[in-house]
Protein chains: 2
Amino acid sequence: MPSKTPSENDFLQSYDPRGFDPVAVTVDVVALTIRDGRLHVLLVRRGEPPYIGQWALPGGFVRNEDLEEAAARELAEETGLVPGDLDRVHLEQLGSYGRPGRDPRMRVVTVAYLAFAPWLPDPKAGSDAAAAEWTPIAETRQLAFDHDRILDDGLERARSKLEYTPLATRFVGDEFTISDLRAVYEVVWGEQLHAGNFHRKVLSVPGFVESTGASTERGGPRGGPRARLYRRGDARQLHPALLRPSREDEIR
Amino acid sequence: MPSKTPSENDFLQSYDPRGFDPVAVTVDVVALTIRDGRLHVLLVRRGEPPYIGQWALPGGFVRNEDLEEAAARELAEETGLVPGDLDRVHLEQLGSYGRPGRDPRMRVVTVAYLAFAPWLPDPKAGSDAAAAEWTPIAETRQLAFDHDRILDDGLERARSKLEYTPLATRFVGDEFTISDLRAVYEVVWGEQLHAGNFHRKVLSVPGFVESTGASTERGGPRGGPRARLYRRGDARQLHPALLRPSREDEIR
DNA sequence: TATGTTCTTCTCATGCCGAGTAAGACTCCA
DNA sequence: TGGAGTCTTACTCGGCATGAGAAGAACATA
């Protein structure tokens, strides 16, 4: 048998945690929803040092469960979701953050998840209602740890995913109008879209939406005809994609 | 002060690793390069149980360093790269895998990274040459742990990134021809591309490549005129993107 | 009823894309 | 040396997606 190399020794030692500084693994969740026409993120106010009194992303220690299960559990605990509701929530892994010193107490590697839902209950029962809140994105300031960076990465992921997946349909109800869908894009992307072109585009992408045949009972609150209602289609990717206008500055 | 909720207690306890089963954090690297016109991945042969004798992705325990540093270190150790070489290697986080039981010995959460380089030295000095090898993608079989899944995710990420980033220029040398670049796309995507359209497309994307003014000294090995040489441009995103043909089956 | 808003469809000019063609430069082999 | 085959580069053509604008009909509110 060949003698073990330094890197192999490291690998073997890695299974004996006493050989190294202890590491904790947590999950943090960037949970997004749209309320009152604005994009909101779920934040909790810290009741202990460090960063006491500051807002942070909800999260916690990983138990004997898969990482995604841990994220779903944390989200459910903070929002009071019941298991059935979770089917309506889109959850995906965002990335991991493990810079030494990101938590002053000990080494903590966190796996961040991104969650979307059309509505989510107010934080309540099962959680500390006074310490968790839906906050408009524009009003978030100075989160604890490196959560500002995680939130930024989550927002960019969300904006990008609207382009080539039917994710926007997760922000609306079971039946929705094309304008409802357009409102999602406008809120998340933060820009106005051309109503006519958006309409044409959505209907032309196969599997994005399917017609219910029905229409809304009334026109819009400020006038306009009744709009046709649609359901989510079966596409998992949008082809061709709905690209954001004006990203020229991000290209280089 | 409000009483602490269960989830907050969990969070606090998370900083006392004695309160929970110990967790190890590793990094694993999906290192890709092109050799002899085929896509290769760096694999190591395991010399210890479990999965003794099977091939696995290179990886190891995270020390007192950032996650990306750990991945770069592991890659350098296996390939004998010197620090200067690392500038030429593209490294990005792929995702984290933490299913309980993925390692039979204890709970291990791994953060996977994806690495690309135009050439990488054969595994040697500083590593166990007999136990690490560049393997053609088509010949990889039954990797240890959940590394098959990680490799698949890495390949899909690489294929996807070629579409909308200038990543392909990381697989070629400093000066290259359009055909060199096309060969990268063909090898990674596993399909033939239309030479004329590819040429037009690459030159029309702003910042993808820039001309050096020079040409190759000779024609191709089987004939053809001398080709013009190009350098990497300054674009970070390709706009418009070079989309893969025939993904129709993946859309739904 | 009058006015303004919104949904939906259309038109038009522009530009990208896949497929095919072609000229010329080059290598290899007989 | 000559011919066959290869490859780079450029061009054309039809189809399709896109952005901008316009228009008609349906609806709410005053």
Side-chain angles (χ1 to χ4, degrees), chain A residues 37 163-164 172 175-186 189 191-230 235 237-248 251, chain B residues 37 163-164 172 175-186 189 191-206 208-230 237-248 251:
Chain A
E163 293 188 326
Y164 57 92
V172 293
E175 298 201 338
F176 52 88
T177 68
I178 301 294
S179 292
D180 293 337
L181 204 56
R182 178 162 49 86
V184 171
Y185 278 89
E186 291 181 336
W189 283 351
E191 35 191 337
Q192 296 267 102
L193 300 178
H194 184 293
N197 290 342
F198 183 85
H199 203 98
R200 174 184 60 190
K201 183 84 208 210
V202 168
L203 295 186
S204 76
V205 174
F208 192 4
V209 299
E210 59 183 32
S211 177
T212 66
S215 293
T216 53
E217 294 288 323
R218 293 177 44 89
R222 289 187 302 188
R226 300 175 184 178
R228 272 179 277 214
L229 289 169
Y230 294 86
Q237 304 265 328
L238 301 186
H239 195 73
L242 276 108
L243 298 179
R244 275 176 277 189
S246 67
R247 305 182 302 162
E248 296 309 320
I251 291 179
Chain B
E163 293 188 327
Y164 58 93
V172 294
E175 297 200 341
F176 52 88
T177 68
I178 302 294
S179 293
D180 293 338
L181 204 56
R182 180 162 48 85
V184 171
Y185 277 89
E186 290 181 338
W189 283 352
E191 34 192 338
Q192 298 266 101
L193 300 178
H194 184 292
N197 290 341
F198 183 84
H199 203 98
R200 174 183 59 188
K201 184 85 206 208
V202 167
L203 295 186
S204 76
V205 174
F208 192 3
V209 300
E210 60 184 32
S211 177
T212 67
S215 293
T216 53
E217 293 288 323
R218 293 177 45 88
R222 289 187 301 186
R226 299 177 184 176
R228 273 176 275 209
L229 289 169
Y230 295 85
Q237 303 266 328
L238 302 186
H239 194 72
L242 277 107
L243 297 179
R244 274 176 278 188
S246 68
R247 303 183 303 160
E248 296 309 322
I251 291 178

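Quick note on labels: first sequence line is chain A, next is B, and so on, each numbered from 1.
- If you measure from atom OH of A:Tyr164 to atom P of D:dA17, you get 21 Å, rounded to the nearest angstrom.
- With rounding to whole Å, A:Asn197 atom CG is found 14 Å from C:dT11 atom P.
- Of the two residues contacting DNA chain C, namely A:Asp180 and B:Leu242, the nearest-nucleotide position lying further toward the 5' end is that of A:Asp180.
- Protein atom CG of B:Leu193 is 11 Å distant from nucleotide atom P of C:dA19, rounded to whole Å.
- Among all heavy-atom pairs drawn from A:Glu175 and A:Thr212, the shortest one is OE2-CG2, 3.8 Å.
- Separating the CG atom of B:Leu229 from the P atom of D:dT8 is a distance of 12 Å, rounded to the nearest angstrom.
- Taking 4.0 angstrom as the limit, A:Arg226 places none of its side-chain polar atoms (N or O) nearer than this to OP1 or OP2 of D:dA26.
- Residues A:Ala235 and A:Pro206 approach most closely at CB-O, 3.6 Å, considering heavy atoms.
- Considering only side-chain N and O atoms, B:Arg222 lies nowhere under 4.0 angstrom from the phosphate OP1 or OP2 of C:dT27.
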Q: Walk me through it: do A:Tyr230 and A:Leu203 pass the test side chain to side chain contact (heavy atoms under 4.5 Å, CB included)?
A: CA-CA 10 Å; A:Tyr230 294 86; A:Leu203 295 186; 3.7 Å; yes
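- Contact check, B:Arg228 against D:dA10: a side-chain N or O comes under 4.0 Å of OP1 or OP2.
- Closest contact between the side chain of A:Leu203 and the listed nucleotides C:dC17, C:dA25, C:dT9 involves C:dT9.
- Sorted by residue number, the list of members of residues 210-220 of chain A with any non-hydrogen atom under 4.0 Å from DNA chain C is empty.
- Across C:dT8, D:dA26, D:dT8, the shortest atom-to-atom separation from the side chain of B:Ala227 is found for D:dT8.
- Among the atoms of the strands shown, only primed sugar atoms or phosphate atoms (P, OP1, OP2) are found under 4.0 Å from some heavy atom of A:Ser179.
- When all heavy atoms of B:Glu163 and B:Leu238 are compared, the pair lying nearest together is O-CD1, 3.9 Å.
- The residue among B:Thr177 and A:Pro221 whose nearest nucleotide of DNA chain D lies closer to the 5′ end is B:Thr177.
- Legend: salt bridge (Lys or Arg N to Asp or Glu O under 4.0 Å) pairs involving residues 195-214 of chain A, not counting sequence neighbours, sorted by first then second residue: A:Glu210-A:Arg231.
- Of the candidate nucleotides D:dA20, C:dT8, D:dT8, D:dA20 has the atom lying nearest to any side-chain atom of A:Arg200.
- Rounded to an integer number of Å, the gap from NZ of B:Lys201 to P of C:dA19 is 14 Å.
- The separation between A:His239 atom NE2 and D:dC16 atom P is 13 Å, rounded to whole Å.
- Between B:Glu217 and B:Arg226, the closest side-chain pair of non-hydrogen atoms is not below 4.5 Å.
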Q) Can you list the steps and then say if B:Phe208 with B:Leu181 is a side chain to side chain contact (heavy atoms under 4.5 Å, CB included)? A) CA-CA 11 Å; B:Phe208 192 3; B:Leu181 204 56; 3.9 Å; yes
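- A:Leu193 is listed as a side-chain neighbour of A:Pro245, based on a closest heavy-atom distance under 4.5 Å.
- Nucleotide D:dC7 holds its P atom 10 Å from the CD atom of B:Gln192, rounded to whole Å.
- Contact between the side-chain N/O atoms of A:His199 and the OP1/OP2 oxygens of C:dT9 is found at a separation under 4.0 Å.
- As a whole-Å value, the separation of B:His194 NE2 from D:dT8 C1' is 13 Å.
- Contact annotation: A:Arg182 side-chain N/O to C:dT6 OP1/OP2 distance is not under 4.0 Å.
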